[in-house]
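Keep in mind it's a predicted model, so treat the numbers as computed, not measured. Counting begins at 1 with the first residue of the sequence. One-based numbering, in listed order, for ligands and for the atoms of each.
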Amino acid sequence: MRIGQGYDAHRFAEGRPLVLGGVRIPHDMGLAAHSDGDVLIHALCDALLGAAGLGDIGRHFPDSSAEFAGIDSRILLRRVVARLQRDGMWVVNADMTVVAQSPKLAPHIAGMREALASDLQLEPSRVNIKATTTEGMGFAGRGEGIAAYAVALVED
Ligand code: MG
């Protein structure tokens with residue numbers, strides 16, 4: 001068994017769709033990024049790569065590369081899973097926390113869980129997603145952006 005953790009944060013920006021956990025969420029702002037800004041998937045990819053001892057998402061998908069401009073982060077996640085499988089590793093479970101003051105994420109958690117479980121080739125019961133605010137404290141609390149934490153267990 002191998003464990004990995006990941007963290008990511010992105011700043012809100014006008015005129016972008018908000019995509020979290022592979023789900024498009026109605027909001028007046030999205031997250032600024034080279035990709036679609038799916039901060040939750042980025043944290044999850046880093047947890048998986050960390051467990052596998054394969055560095056981080058920036059090493060595999062550099063934001064200097066035009067190939068990844070505006071890319072659906074689910075494609076990156078599926079590539080990470082394939083990379084692990086190539087090394088004889090498979091994901092056992094993943095647990096994540098999204099930190100956002102707004103919008104309310106509870107109605108979207110089930111959809112995110114289903115999307116990520118599908119990309120991870122897992123039953124949804126092995127993929128857990130939690131959402132919290134910071135009661136107004138810090139950058140997430142001020143609504144400047146969204147952060148995400150992920151932990152993943154991998155077997156080899
Ligand atoms: Mg990111």
Between His27 and Phe12, ring centroids under 6.0 Å: yes
Is it the case that the side chains of Gln85 and Gln121 hold a donor-acceptor pair, with the cut-off being a distance below 3.5 Å and no angle test?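 There is such a pair (donor and acceptor under 3.5 Å, judged by atom type) between the side chains of Gln121 and Gln85.
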Donor on one side chain, acceptor on other, Asp63 and His34, under 3.5 Å: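 No, His34 and Asp63 have no side-chain donor paired with an acceptor closer than 3.5 Å.
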Roughly how far, to the nearest 0.5 Å, is CG of Leu120 from CZ of Arg113?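 The CG atom of Leu120 is 12.0 Å from CZ of Arg113, to the nearest 0.5 Å.
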So which N/O/S atom does His42 have closest to the Mg ion (ligand 1)?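 It is ND1 of His42.
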Could you tell me which N, O or S atom of Asp8 is nearest to the Mg ion (ligand 1)?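 Result for Asp8 and the Mg ion (ligand 1): OD2.
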Do you see an N/O/S atom of Asp38, backbone or side chain, under 2.8 Å from the Mg ion (ligand 1)? no
